[in-house]
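Everything on this sheet refers to the single structure shown next.
If you're wondering where the values come from, they're calculated on a predicted model, not measured in any experiment.
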Amino acid sequence: MRDDLGAELITRRPVRRVVSLVPSLTEAMAVTEPDAVVGATDWCTHPAGLDVTRVRGTKNPNLDLISSLRPDLVVANQEENRELDVQRLRAEGIPVWVTRIETLDEAFASMRRLFTDGLSWGVPEWLAEAEQAWATPASAPRGRAAVAVWRDPWMVVGSSTFTGDVMARLGLENVFEKHEDRYPHVDLSEIDRADIDLVLLPDEPYVFTAEDGPEAFSTVRTVLCSGRSLTWYGPSLLTARDELESLLT
């Protein structure tokens with residue numbers, strides 16, 4: 001049994017106690033086997049009413065608290081979590097399954113492997129339905145766009161990201177797709193310019209609102225959107241495509 005990075009794991013199967021350090025995957029597992037998730041980060045906001053032990057953040061998890069929960073498996077992500085924390089947990093004898101997700105296809109394949117190989121729960125019905133919802137290509141090009149993820153300083157979605165692939169599936173050309181950084185810092189003038197058709201302003205990680213974000217732009221059209229729909233993989237993918245496409249019309 002190997003995770004997305006090829007690390008070999010030995011753990012109880014099926015997994016009955018899991019700690020998740022990835023908000024998207026917390027929702028995915030809690031929706032599928034609610035009683036199995038015993039710990040999650042402070043950023044794990046879904047499903048609503050999730051009542052589990054909170055183990056701090058994705059970048060600074062409380063490793064002693066995680067150990068005290070006696071998990072059969074800890075689930076992490078290469079981008080969201082620190083390699084050092086993964087190594088320290090493994091040094092304590094705790095199996096850690098690390099995912100690597102940069103595209104929609106990778107998300108579906110990774111989650112299938114997690115549920116079948118890592119957790120031994122089988123493929124959940126919602127996962128097959130979500131994969132079908134994203135199976136068809138975009139009906140038509142929707143123009144050049146950027147996604148801002150922070151301001152002061154401004155940061156955008158760059159190359160090799162899950163969000164960038166979601167944009168492509170929606171028919172949007174990410175103007176920073178070829179940037180050398182995955183989340184580059186930019187000047188406002190680089191995204192508020194005439195050759196960009198749209199700037200998406202999600203509500204996470206920076207909480208853009210009607211009063212905080214759109215007012216900075218004088219040239220390009222901006223659209224507020226759900227960060228969960230744009231950046232999360234998991235059950236949110238069931239409705240994300242329709243939600244995002246409705247904002248682009």
My understanding is that only residues two or more places apart in sequence, or in another chain, count here; which of them pass salt bridge (Lys or Arg N to Asp or Glu O under 4.0 Å) with [X]?
{"X": "D152", "answer": "none"}
{"X": "D105", "answer": "R169"}
{"X": "R144", "answer": "E173, D195"}
{"X": "E129", "answer": "none"}

Residue pairs involving [range] (criterion ring pair (Phe, Tyr, Trp, His ring centres under 6.0 Å); sequence neighbours excluded):
{"range": "residues 130-170", "value": "W150-Y206, W154-F208, W154-F217, F162-Y233"}
{"range": "residues 2-38", "value": "none"}
{"range": "residues 61-86", "value": "none"}

Exercise. Other than V38, what residues sit in its cluster of Ile, Leu, Val, Met, Phe, Trp and Tyr side chains whose heavy atoms are under 4.5 Å apart, directly or through others?
Worked result: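 Members besides V38, by chain and number: L5, V19, L21, V55, L63, L65, I66, L69, V74, V86, L89, I94, V96, V98.
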Exercise. Other than W232, what residues sit in its cluster of Ile, Leu, Val, Met, Phe, Trp and Tyr side chains whose heavy atoms are under 4.5 Å apart, directly or through others?
Worked result: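 None; W232 is a cluster of one.
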Please tabulate, one pair per line, all N/O donor-acceptor pairs under 3.5 Å involving side-chain atoms of residues 106-116, not counting sequence neighbours.
{"unit_1": "E106", "atom_1": "OE1", "unit_2": "E102", "atom_2": "N", "d": "2.7"}
{"unit_1": "E106", "atom_1": "OE2", "unit_2": "R100", "atom_2": "NH1", "d": "3.4"}
{"unit_1": "S110", "atom_1": "OG", "unit_2": "D4", "atom_2": "OD2", "d": "2.6"}
{"unit_1": "R112", "atom_1": "NE", "unit_2": "E131", "atom_2": "OE1", "d": "3.1"}
{"unit_1": "R112", "atom_1": "NH2", "unit_2": "E131", "atom_2": "OE1", "d": "3.1"}
{"unit_1": "R113", "atom_1": "NH1", "unit_2": "D4", "atom_2": "OD1", "d": "2.5"}
{"unit_1": "R113", "atom_1": "NH2", "unit_2": "R2", "atom_2": "O", "d": "2.3"}
{"unit_1": "T116", "atom_1": "OG1", "unit_2": "R112", "atom_2": "O", "d": "2.6"}

Exercise. Sequence neighbours excluded, which residues qualify as side-chain hydrogen bond (donor to acceptor under 3.5 Å, both in side chains) partners of E79?
Worked result: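 Partners of E79 under the side-chain hydrogen bond (donor to acceptor under 3.5 Å, both in side chains) test: R182, Y183.
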For this session: Sort and list the pairs that fulfil side-chain hydrogen bond (donor to acceptor under 3.5 Å, both in side chains) and have at least one residue in residues 35-44, not counting sequence neighbours.
Result: none
